[in-house]
Structures are given as structure tokens and as C-alpha cells.
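Reading through the C-alpha cells given below for one structure.
The structure displayed is predicted, hence computed values, not measured ones. Convention: sequence-line order gives letters A, B, ...; per-chain numbering from 1. We use all heavy atoms of the structure for the numbers below, so side chains are in, but hydrogens, waters and symmetry mates are not.
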There are 2 protein chains.
Amino acid sequence: MEVTIVENQRLEVQKKIDKILCGKAEVESCCPVKDILARFGDKWSIYTILTLGKQEKLRFNELKSQISGVSQRMLTVTLRSLEEDGLVNRSVYPEIPPRVEYSLTPLGQGLLLQLLQLADWAKLNIDQILEARERYAHKS
Amino acid sequence: MEVTIVENQRLEVQKKIDKILCGKAEVESCCPVKDILARFGDKWSIYTILTLGKQEKLRFNELKSQISGVSQRMLTVTLRSLEEDGLVNRSVYPEIPPRVEYSLTPLGQGLLLQLLQLADWAKLNIDQILEARERYAHKS
DNA sequence: CCTTTGAGTTACCAAAAGTAACCTAGTTAT
DNA sequence: ATAACTAGGTTACTTTTGGTAACTCAAAGG
């Protein structure tokens, strides 16, 4: 189970990371990947995408109740930024009271698959992390 | 290239997400995966792990200069929390001036591999995201 | 004895997130 | 006919977090 990067892997990994982080200060609008990671690098975006993955469509208040702890304001802000990036669809039905349905775009579904992998890793390694926290708490 | 979750995949995905998010309000300390995602869900943690992936060991100021934009304070805070979670090793050499070397633990290297996949996805889909932002800016 | 050095702290200020009240406008209940 | 309810927000205000700059520590070198 122990994953270690051995030396012959390292060069490959280094090159990859260099490309991702654009270490060499590119000419124009340096490193868009950083910019994108910064976008869904906050917890509400991740939860929102995971929650939207459960159903095809979800209304605002359904999302709000399923994402425990999110405030109304932060949910709107998060959904707007995901919509701006083309990860989420927002369909407004002009009724009273209003009805708004949110769903993942194909792009958003692609990101969902990546996040599921990340979550799998988290689930697999959670015990190690909790142990490490225990150790850290005791040694200090 | 278009990734779409078809209906027969959805049930599987739903079950997976339910497990990850612990929808059914578990007895004690509900959903550790949420907790963990919240930890490296900030941008400095992601950059720090990616940067530490480039070399086996890096000293504090080397890290600071390679992670563009990070402040001294935020780097210490980020490194401490990664150390607490057992993702990063911190070795202090009792010299004057002090020398401190940081490196990824095997656990951290496992997370690095996940983040590389995420970054790959970002690189692959960046054009679509930038297009979506253009559209959003114009339509408003 | 004054400066430099690396790896931090501390104090202070700005920016982001959380809280709670308010808004809209048509439908139902009183 | 007016009051309350509805869903999906917005606005104003407070608290928490992040960023900036100055300070610390202890020994070596000038």
C-alpha cells in the first residue's frame, strides 16, 4: 500500500510539475492552471460539485440543505463562479415563487470524476492522517 | 473528448458520493473525508505539495521563492498543517543560522499523485473554461 | 560591537466568509 | 382586502482569515 516515488520516477514527475506550475515565467497570463486550481480549490466548490453529482438536477434550497453548513450567500457566490467557469448550468423558470435548477455541465462532470478519485484517496488514507494528527498533538 | 455521465453510471456515482459525504449523518465525528478535503482545499497547500514534489528536500526560503506570491506567515501556517496531517516531514538542524528541510512523506507523495491528475485535467480543459468565462462576461 | 543569516514570530490592517434581516410578486388562507 | 407564505436570492453588518512589514534569536564575520 505504501506509495513511494522512486528515483527514476522523480525526473518525470519534476518535468510534469514544472509544466503545471509554469516555473519558467511564461510570456502572457502566466500559468492558467494555477488560476484554475485556485478556483475550485475552496471547499464549497468541491462539496457543491460532489453534491450536484448525486442528481441530474437540484434546486437551490435542495442544494443548500444537502451541503451541510453552507450559508445562503456562500452558496450563491460559489454557484455563480462555477457557472462562470462553465462547470454548472443554471436554469431559471420564470414562475412565482421562482424555480431555479442547477446541474453539472459535461465539463463539470469531468471534474467530478477527478474529485471522486481524490475523495477515494482521502477515504483510503484517512486513518493514517488521523494517526498523524494524534502523534502531532501528543509530541507538542 | 466529451465526458458525460450516462444513466447507468449515475447510480454507481450516487452511491459513491453518498459514502464520501456521509449523507446519513453518522454517529460520531461525522464524515472525516469532508474534514480532510477541507484541509488541502486551500490553494497554498496544493501549491506547496506540488512544489515539494519537484525535489526530495527543500529549505524554507527555497520553498518561499518557488511558490510565487506566498507570504512567510502563510507558508509557515500551511507547512505546519501539512506536517500535522503527516503529509510533510520537517527536519530541523540545530545550527546557527538555522537550517530546516521539508520533504513529502510517503503519504504526501500519494496525495501528490492525485493532485497531478487533477492538474492534468485542468491543463486539458483550460481552453473550455476560458471560453466559458468569455461567454459569461459578454452575456451579462 | 554591529551587521548578517535563516526561519520563523508578532502586531497590525485589509479582504473574505458567516449571520441575519430584507426583497420580490403571485397564491392561498383569514 | 390584507396577511402570510413561497423560493431564491441581495444587502448591511460582524467575525474570521489572510497579507504586510517589522521584530526576534544566537552565533559568525568584519
Please give, in whole Å, the distance from [N] [atom2] to [X] [atom1]?
X: A:Leu63; N: D:dA7; atom1: CG; atom2: C1'; result: 13 Å
X: B:Glu95; N: D:dA28; atom1: CD; atom2: P; result: 12 Å
X: A:Leu58; N: D:dG8; atom1: CG; atom2: C1'; result: 15 Å
X: B:Arg59; N: C:dG8; atom1: CZ; atom2: C1'; result: 13 Å
X: B:Tyr93; N: C:dG8; atom1: OH; atom2: P; result: 13 Å
X: A:Lys64; N: D:dT6; atom1: NZ; atom2: P; result: 14 Å
X: B:Leu79; N: C:dG6; atom1: CG; atom2: P; result: 17 Å
X: A:Asn61; N: D:dG9; atom1: CG; atom2: P; result: 9 Å

| field | A:Arg133: partners by salt bridge (Lys or Arg N to Asp or Glu O under 4.0 Å), with sequence neighbours left out | value |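 Partners of A:Arg133 under the salt bridge (Lys or Arg N to Asp or Glu O under 4.0 Å) test: B:Asp35, B:Asp85.
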| query | Is the shortest heavy-atom distance from the side chain of B:Leu112 to the side chain of A:Val13 under 4.5 Å? | reply |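 The answer is yes, as the side chains (C-beta and beyond) meet within the 4.5 Å cut-off.
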| B:Val92 with B:Leu63, same ILVMFWY side-chain cluster at under 4.5 Å | yes
| task | Give a yes or no on whether A:Val100 and A:Ile96 share a hydrophobic cluster (residues Ile, Leu, Val, Met, Phe, Trp, Tyr; joining criterion: side-chain heavy atoms under 4.5 Å apart). | result | no
| message | If you count heavy atoms of other groups shown closer than 6.0 angstrom to CD of A:Glu12, is the number above 12? | response |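 Open.
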| message | Generate the contact string for nucleotides 12-30 of chain C. Rules: B means base contact, S means sugar-phosphate contact only, - means no protein heavy atom under 4.0 Å. | response | -----BBB-----BS----
With a 4.0 Å cutoff (strictly under), does any side-chain N or O of [X] reach OP1 or OP2 of [N]?
X: B:Tyr102; N: C:dG6; value: no
X: A:Arg80; N: D:dT10; value: yes
X: B:Arg90; N: C:dG8; value: yes

| field | Shortest side-chain distance from A:Phe60, nucleotide among D:dA7, C:dT9, D:dG9 | value |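 From the listed options, D:dG9 comes nearest.
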| task | Could you please spell out the steps behind the salt bridge (Lys or Arg N to Asp or Glu O under 4.0 Å) verdict for B:Asp120 and A:Lys16? | result | CA-CA 9 Å; B:Asp120 272 341; A:Lys16 207 165 170 180; 3.2 Å; yes
| Do the numbers put B:Arg99 on top of the ring of B:Tyr93, so that NZ or CZ is under 6.0 Å from the six-membered ring centre and no more than 45° off the axis? | yes
